[in-house]
Structure formats: C-alpha cells, structure tokens
Trainee: 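The following block contains the structure, expressed as structure tokens.
Order of the sequence lines fixes the chain letters, A, B, ..., with proteins taken first and strands second; residue numbering starts at 1 for each chain.
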Protein chains: 2
Amino acid sequence: MYTYRYPHPAITTDCVVFGFDGKSLSILLIQRGIDPYKGYWALPGGFVRMDETVEDCAYRELKEESGVENIYIEQLQSFSGVNRDPRERVITIAFMAFVRQDEYQVIGGSDAAKAQWYRLDELPSLAFDHLEIVSAALQKLRKKITIEPLAFRLLNTTFTMSQLQTIYEVVLGHSLDRRNFHKKMTKMGYISPTEDKLRVNGRPGVLYTFDEEKYREYIDSHF
Amino acid sequence: MYTYRYPHPAITTDCVVFGFDGKSLSILLIQRGIDPYKGYWALPGGFVRMDETVEDCAYRELKEESGVENIYIEQLQSFSGVNRDPRERVITIAFMAFVRQDEYQVIGGSDAAKAQWYRLDELPSLAFDHLEIVSAALQKLRKKITIEPLAFRLLNTTFTMSQLQTIYEVVLGHSLDRRNFHKKMTKMGYISPTEDKLRVNGRPGVLYTFDEEKYREYIDSHF
DNA sequence: TAATTTTGTGTAAAAAATACGCAAAAACAA
DNA sequence: TTGTTTTTGCGTATTTTTTACACAAAATTA
C-alpha cells in the first residue's frame, strides 16, 4: 500500500494510433476485458509507473497491448474531467501515433487482449471519454498535416504519389488536383524518386521515399 | 492520509504567462519561499485537487499566486521526467497564457508570494525544469502566432498597427515591413478600425480592435 | 516655419497556388 | 494485333499571394 498526505489522482496514458490501408484511415482499439466498460472498445493505454516518463509509458502500453513498437508518437493533450473514470480520479495524457497499417495486421500483445483496426467512419462505442480524445487527435492531425510531413509515417518506406495524395485527401476530407499535388510535393526536395516503379492497373508509378536528411535541410533553410 | 494499492505520482500544473509591455516579451515568475529551490524563481502553479480539472487548477493557482485572472489559457504539454522534483514523483501539465501586462503591474495574490515580470532575455535561474518548460512554450508561441491571432491577447482592447507589429517582431525575432504587415492584417477582416487615434510622437495612428465575431466568420469560411 | 517622426496608401515585380491540356505507359477487351 | 480504358508524368496559362519599395499626410519638435 502507498500512502500520501494529500490525495493523488491516478495517471494514465492513452494513445490514438492512426493507420492507413491505402483507402481509409483507421485507429487501433483494444476490447476491454474488465469493468468498467467491459466489452467496450478503448484506446490502448494504462497507468504510468514511477520509473518511467509518460512517453515511456505510452510506448510500453502500446507494445504490451497490441504488439506495435518502433513507431513515432507525440503528445496530444491531457484530459482531466473529474468523473472520467468511475473507479477513481484518473487524469490521462493522450498521445498520437502513426504507423504503416500493413506492418501490423497481425496484432497481439502479451496481454492477449483483442486488438483491432477500426475505420474512423465505422467506430464502435468507445469507453470513457475516448471518443473525445479521438476527435481531438483527428483535429490536430488535420492541422498538422498541412504544416509538417507526417503522412510518410503512415506509408511504406517507398510509396507512389497517388498513395501519398490519398492520405492527404482522406485526412483533409476533400480531393486535391493530382498534378498540382505532385508539383508541390517534389518542390519541397525531401521526397526523392527511386529506381523502382509500382504497377497496379494503368501506367506504373514511380516509387518515392521520404529523405529525412533533406527534410532537415529544408526546415533549416526555411525557418 | 490517503492510501492506494499502487503508487501514484503527484500532479501539478505550471503556467507560462506571457506579457508584453510595448517593447519586449516577459513572463510572470514567482519566488519560491520554501525548499526545494528556496529563493529561486519558478512558474506559477501547484497541485491539482480532486474536484477540479487541470484547466481549473492552472487558473486557480495563477489567481492565488499572482492575482492574475480572467485570462485565456491553453494546454502546452506535460513534463514527466522521473526526477523533476526531489521530494516525490511529480508530473506537471504546463499551460500557456497571454495577458495585457499593464493590467497586472501590481501583482500580489493571497499567497503573498513575490511575483514579478521578467523579460525573456533577462530570465533568472529557474527552479526544477521550468526553463525547459519556458523554452517549449516560446517555441509553440512562435509557431502559433503565424497561424492564429493570439497577439491581441497581449494588447489592450484597442491598439495601433505598430504596437501589434512589434509583438510579431519580438516573437518571431526579425523585423517586418510595416506596409505589408498593415495590408495583411486588415485583409483578414477581423481587425476593425475605431474612431479613435493614438498620438505619441509623429502622425497619430488609428486604434484598431480585434473583432472576435468576424474572426469566427473568417475561420468558418476558410477551413 | 522648417526639420523630424510616424502613419496611411499605392504600385510593380516576384513567387506561389490554382486550373487545365495532353501525351505516355501499362492493362484489358475485341 | 488494335483500339479502349486506366493511370501516370509533364507542361502551360491564369489567378492569387507575397515581397519590395515610393511618396504624401498628420502630427511633434527645434
């Protein structure tokens, strides 16, 4: 047992993991095995330990519950409604993550909890205030994608222009001109073409990669 | 005494309050009266109570410690380094706020702690990891000011174009063309001229106000 | 009254965003 | 094979936005 002179809220992290299957955006959900909200779907997350930062915690819980690791995460914001959790006062620090969905089709962590991708337009009822958290994450994603290049994290290391464009269209919610999009992306300088091509239906498309080094150069010379 | 089955970190909020005196940016600091870091300057903040959100807490602590109230605050991010505080594990959720500095020249809260404005280029040694928090706040401020209009919150309800421009120059760290700045600001439509003028030295300048309603119209029609 | 300071307005050039046109490289069907 | 369809690559013209700079007006100050 642990005693304190003043009451302490519990601290958790929750993570909104975005995935992209080539057509639509999804997020990763875990089905709860215990009350409260038993059977409901929830964001992967859990209690912060005393020897880890909240980033460590978000990362660890994600790996334990869904097997997802080696990904990019960033802080979203904290949610602290007084009655978020019926058991005790719980404050959560929410994170966002972006992964290549096809790398994590087979999902299963050590907790053996049921983990599953859900398309954003087909979300089930979520536990706690997790729907609010997802909304906030989506809003931030929309804002960020026009400023920073994070779409690459949702794609394979190589990708075609149309794949990249589809992400932008899905996230922003409207279609973009194919030719202007191509122009804009290549002008940045940090999306480099490879020798390879991908053929699906019509004319094969050049496969591009995200050049992290040139991206940093671009940032340095523009800000 | 309060006991828990698992260890709980303590949760605090800290607030980076930006003020502007017409020439330079300052932040509001409180001198600590007790150890650790006794005598050091720190961000206003304190422990989150069980019946308040973190936003409530940030707001309350700010009022108690410095008398500042009725202001706009927003979440920055959380800081959770394992050894941030030598007493116990403390996770803080940092906020940013923007005030009209001249409205709060006489500072003093119920705690009667010494509160003082410090220019950003003349900061004293700060307690805990508060310097890191200030840096993060400043970085976010620089990013945000080019996207959203928050400079108004640092100025009086009416202000001249040059006053507004000075804030942008101080925050961004470089000078702007006076005529293009004027054009850009008025084109938005949510900075409305008043009948009044302010005369200081040369030709009197028109006083403008920030029209919150027209700002919302602008946002709605652009996003 | 002239010099100085500061503001308001305008105009031209450069850069970026937008709107399309058309041909090339593949798959598919006749 | 050949023509049709699909999808990509590349180009050009137009509009909009950003940037650079000139000059006159309204006040203060010497």
Trainee: Go nucleotide by nucleotide along DNA chain C from the 5' end; which of V206(B) and G202(B) gets its closest nucleotide reached first?
Mentor: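 Closer to the 5' end of DNA chain C: G202(B).
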
Trainee: Please state how far atom NE2 in H182(B) lies from atom C1' in dC21(D), giving the value in whole angstrom units.
Mentor: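 It works out to 17 Å between those atoms.
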
Trainee: Give K197(A) one of three labels, base, sugar-phosphate or nothing, depending on what nucleic acid heavy atoms sit under 4.0 Å from its own.
Mentor: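 Nothing: the residue K197(A), judged by heavy atoms under 4.0 Å, touches no strand.
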
Trainee: Want to settle it: does V200(A) or K183(A) sit nearer the 5' end of DNA chain C, counting the closest nucleotide to each?
Mentor: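 The residue mapped nearer the 5' terminus is K183(A).
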
Trainee: Would D177(A) and R179(A) pass as an ion pair if we require N to O under 4.0 Å?
Mentor: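 Looking at D177(A) and R179(A), the cut-off is met.
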
Trainee: How long is the line joining CD of Q163(B) and P of dT6(C), in whole Å?
Mentor: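 To the nearest whole Å, that distance equals 13 Å.
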
Trainee: Can you tell me how far P of dT17(D) sits from CG of L176(B), to the nearest Å?
Mentor: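 Taking CG of L176(B) and P of dT17(D), I get 19 Å after rounding.
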
Trainee: Will you find, in the side chains of S80(B) and S78(B), an N or O donor that is under 3.5 Å from an N or O acceptor?
Mentor: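 No donor-acceptor contact under 3.5 Å links the two side chains.
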
Trainee: Among the candidates dT6(D), dA20(D), dT9(C), find the nucleotide nearest to the side-chain atoms of N180(B).
Mentor: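 The nucleotide sitting nearest to the side chain is dA20(D).
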
Trainee: Does a salt bridge link K144(A) with E74(A), judged by any charged N lying under 4.0 Å from a carboxylate O?
Mentor: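 Answer for the salt bridge query: yes.
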
Trainee: Roughly how many Å is it from CZ in R199(B) to P in dG8(C), rounded to a whole number?
Mentor: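 Interatomic distance, CZ of R199(B) to P of dG8(C): 15 Å.
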
Trainee: Among dT5(C), dA27(C), dA17(C), which nucleotide has an atom closest to any side-chain atom of N201(B)?
Mentor: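 Side chain of N201(B) sits closest to dT5(C).
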
Trainee: For D220(B), does the CG atom sit with more than 12 other heavy atoms under 6.0 Å from it, leaving out its own atoms?
Mentor: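 Yes, enclosed.
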
Trainee: Starting from C1' on dT7(D), measure out to CZ on R203(A) and report it in whole angstrom.
Mentor: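 These atoms are roughly 9 Å apart.
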
Trainee: Per the ring-ring contact (aromatic ring centres under 6.0 Å, His included) rule, which among F20(B), F159(B), Y72(B) passes with F152(B)?
Mentor: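 With F152(B) as partner, ring-ring contact (aromatic ring centres under 6.0 Å, His included) holds for just one option, F159(B).
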
Trainee: Could you tell me the separation between the CZ atom of R179(A) and the P atom of dC10(D), rounded to a whole number of Å?
Mentor: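 One finds 14 Å between P of dC10(D) and CZ of R179(A), rounded.
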
Trainee: How long is the line joining NZ of K184(A) and P of dA15(C), in whole Å?
Mentor: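 Taking atom P of dA15(C) as the reference, NZ of K184(A) is at 18 Å.
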
Trainee: Calculate the interatomic distance between F181(B) atom CZ and dT6(C) atom C1'; express it in whole Å.
Mentor: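 Rounded to whole Å, this separation is 16 Å.
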
Trainee: Less than 4.0 angstrom between a side-chain N/O of T160(A) and OP1 or OP2 of dT8(D), yes or no?
Mentor: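 It does not, given that no N or O in the side chain of T160(A) lies less than 4.0 Å from OP1 or OP2 of dT8(D).
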
Trainee: Can you tell me if S162(A) touches the phosphate of dT7(D), counting only side-chain N or O atoms and a distance under 4.0 Å to OP1 or OP2?
Mentor: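 For dT7(D), neither OP1 nor OP2 has a side-chain N or O of S162(A) closer than 4.0 Å.
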
Trainee: Using a cut-off of less than 4.0 Å, is there contact between a side-chain N or O of R178(B) and OP1 or OP2 of dT6(C)?
Mentor: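 It does not, given that no N or O in the side chain of R178(B) lies less than 4.0 Å from OP1 or OP2 of dT6(C).
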
